[in-house]
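Numbering of ligands and ligand atoms starts at 1, following listing order.
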Amino acid sequence: MTNIILLGPPGAGKGTQAKRLVEERGMVQLSTGDMLREARTSGTEMGRKVAAVMDAGHLVTDDIVVGLIEEKLTHGAAAGGYIFDGFPRTLKQADALGALMARIGQPLDAVIELRVDDEALKQRIVGRFTCGNCGAVYHDMNHPPKVSGTCDACGGTAMKRRADDTEEALRTRMLAYYRDTSPLVGYYYAKGQLATVDGLAEMDAVSAALAKVLDT
Ligand code: AP5
């Protein structure tokens, strides 16, 4: 079992690679972005609170996201290990995750930074869409479905684009990344847990580089 964090700015490929690891290794993806998007459609008070924050590209408060992760982590732990996707995003969240893992008696095996070029991110984000049924991630140019409008994975035809995938919201998301999240690169490097992978490579090459980190 291996527990990892995928770290990187918006569009770095965290979700794409996490889904591959789930399929190939039976790992469990814990994406705070997906959890928050689920919460906002549930009609709860918390969902209403986070919707506007997310659409503008700001970070949701630490207490909310740490609470969401805490609910998912179990003492039995995931057989293939956890992939933390988009969490932690602040030093406070990183400390909270360390405490939660210690509480369930699990190690954090690696923190993998997907390093990318900021200009490439813009192109990736504005071209992204997902299957509304199974969540498979596509891109207009880099990764279209084999049959236009039909999901390769489940055959669903309801494709969705995210409300925060606009150039304006992306600028705010990138600012949040460089201000609040990028210090985690140094934090985990100093702890001896950081590995870096070229996130600009082809998807299969990124997967191969991740596999190398996981298997050493
Ligand atoms: P979240 O959902 O986590 O979004 P994000 O971090 O901005 O990351 P993305 O999902 O946009 O990108 P990704 O790295 O997963 O890239 P993907 O694989 O899709 O968070 C959304 C919001 O929720 C935040 O702004 C915040 O408000 C809130 N939030 C979430 N977590 C929080 C937390 N912990 N604390 C506070 N607030 C939180 O790929 C992108 C595109 O590129 C796709 O179209 C894909 O097909 C394509 N692509 C991927 N890899 C490649 C490749 N190698 N080559 C070419 N194209 C590629």
Q: Please classify the Arg162 to ligand 1 contact at 4.0 Å (heavy-atom distances, strictly less than): side chain, backbone, both or neither.
A: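 Under 4.0 Å from ligand 1, Arg162 contributes side-chain atoms alone.
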
Q: Can you tell me which portion of Leu59 lies within the under-4.0 Å heavy-atom range of ligand 1? Options are side chain, backbone, both, or neither.
A: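 The answer is both, backbone and side chain.
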
Q: Which ligand 1 atoms does Tyr138 reach within 4.0 Å, using its non-hydrogen atoms?
A: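 Here the atoms of ligand 1 in question are 43 (C), 44 (O), 46 (O).
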
Q: Which ligand 1 atoms are under 4.0 Å away from a heavy-atom of Met203?
A: 46 (O), 48 (N), 50 (N), 51 (C), 52 (C), 53 (N), 56 (N), 57 (C)

Q: Gln93 heavy atoms, cut-off 4.0 Å: which ligand 1 atoms fall inside?
A: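 The list of qualifying atoms is 33 (C), 34 (N), 35 (N), 36 (C).
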
Q: So for ligand 1, is Val60 a polar contact partner (N or O within less than 3.5 Å, distance only)?
A: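 It does: an N or O of Val60 is found under 3.5 Å from an N or O of ligand 1.
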
Q: Answer side chain, backbone, both or neither: which part of His139 comes under 4.0 Å from ligand 1, heavy atoms only.
A: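 The answer is both, backbone and side chain.
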
Q: Is the shortest N/O to N/O distance between Arg37 and ligand 1 below 3.5 Å?
A: yes

Q: Any N or O of Gly127 that comes nearer than 3.5 Å to an N or O of ligand 1?
A: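 Looking only at distances, the answer is no, because the N/O contact criterion of under 3.5 Å is not met.
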
Q: For ligand 1, which atoms have a heavy atom of Thr16 less than 4.0 angstrom away?
A: 17 (P), 18 (O), 39 (O), 45 (C), 49 (C)

Q: Answer yes or no: is there an ion pair linking Asp165 with Lys160, defined by an N-O contact shorter than 4.0 Å?
A: no

Q: Heavy-atom distances under 4.0 Å are what count here, so tell me which part of Ala201 touches ligand 1: side chain, backbone, both or neither.
A: backbone

Q: In this structure, which one of Thr196, Val185, Ile112 forms a side chain to side chain contact (heavy atoms under 4.5 Å, CB included) with Leu7?
A: Val185

Q: Does a salt bridge link Asp117 with Arg124, judged by any charged N lying under 4.0 Å from a carboxylate O?
A: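 Salt bridge between Asp117 and Arg124, a charged N being under 4.0 Å from a carboxylate O: no.
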
Q: Considering only heavy atoms, does Asn142 approach ligand 1 within less than 4.0 Å through its side chain, its backbone, both, or neither?
A: side chain

Q: Below 4.0 angstrom from a heavy atom of His58, which ligand 1 atoms are there? Numbered from 1 as shown, please.
A: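 Taking each heavy atom of His58 in turn, ligand 1 has 26 (C), 27 (O) under 4.0 Å.
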
Q: Tell me, please, which residues at least two apart from Glu45 pass salt bridge (charged side-chain N to carboxylate O under 4.0 Å, His left out).
A: Arg48

Q: Considering both backbone and side-chain atoms of Asp85, is one of its nitrogen or oxygen atoms within less than 3.5 Å of a nitrogen or oxygen in ligand 1?
A: no

Q: Record the part of Phe129 in heavy-atom contact with ligand 1 below 4.0 Å; permitted values are side chain, backbone, both and neither.
A: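 Answer for Phe129: neither.
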
Q: Check for a donor-acceptor pair, side chain of Lys49 on one end and backbone N or O of Thr44 on the other, with a separation under 3.5 Å.
A: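 No, Lys49 side chain to Thr44 backbone: no donor-acceptor pair under 3.5 Å.
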
Q: Answer yes or no: does an N/O atom from Gly11 fall short of 3.5 Å to an N/O atom of ligand 1?
A: yes

Q: With heavy-atom distances below 4.0 Å as the criterion, list the atoms of ligand 1 near Leu36.
A: 23 (O), 28 (C), 29 (N), 30 (C), 38 (C)

Q: Do ligand 1 and Leu200 have nitrogen or oxygen atoms that lie under 3.5 Å from each other?
A: no

Q: Could you tell me, atom by atom, which parts of ligand 1 come under 4.0 Å of a heavy atom of Gly199?
A: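 By the 4.0 Å cutoff, the relevant atoms are 53 (N).
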
Q: Judging by distance only, is a nitrogen or oxygen of Gly86 under 3.5 angstrom from one on ligand 1?
A: yes

Q: As an exercise, identify every atom of ligand 1 less than 4.0 angstrom from a heavy atom of Ile125.
A: 11 (O)

Q: Please confirm whether the backbone N or O of Lys146 pairs with a side-chain atom of Asp152, one donor and one acceptor, at under 3.5 Å?
A: yes

Q: Which one of Asp164, Leu170, Thr166 satisfies the side chain to side chain contact (heavy atoms under 4.5 Å, CB included) criterion with Ile125?
A: Leu170

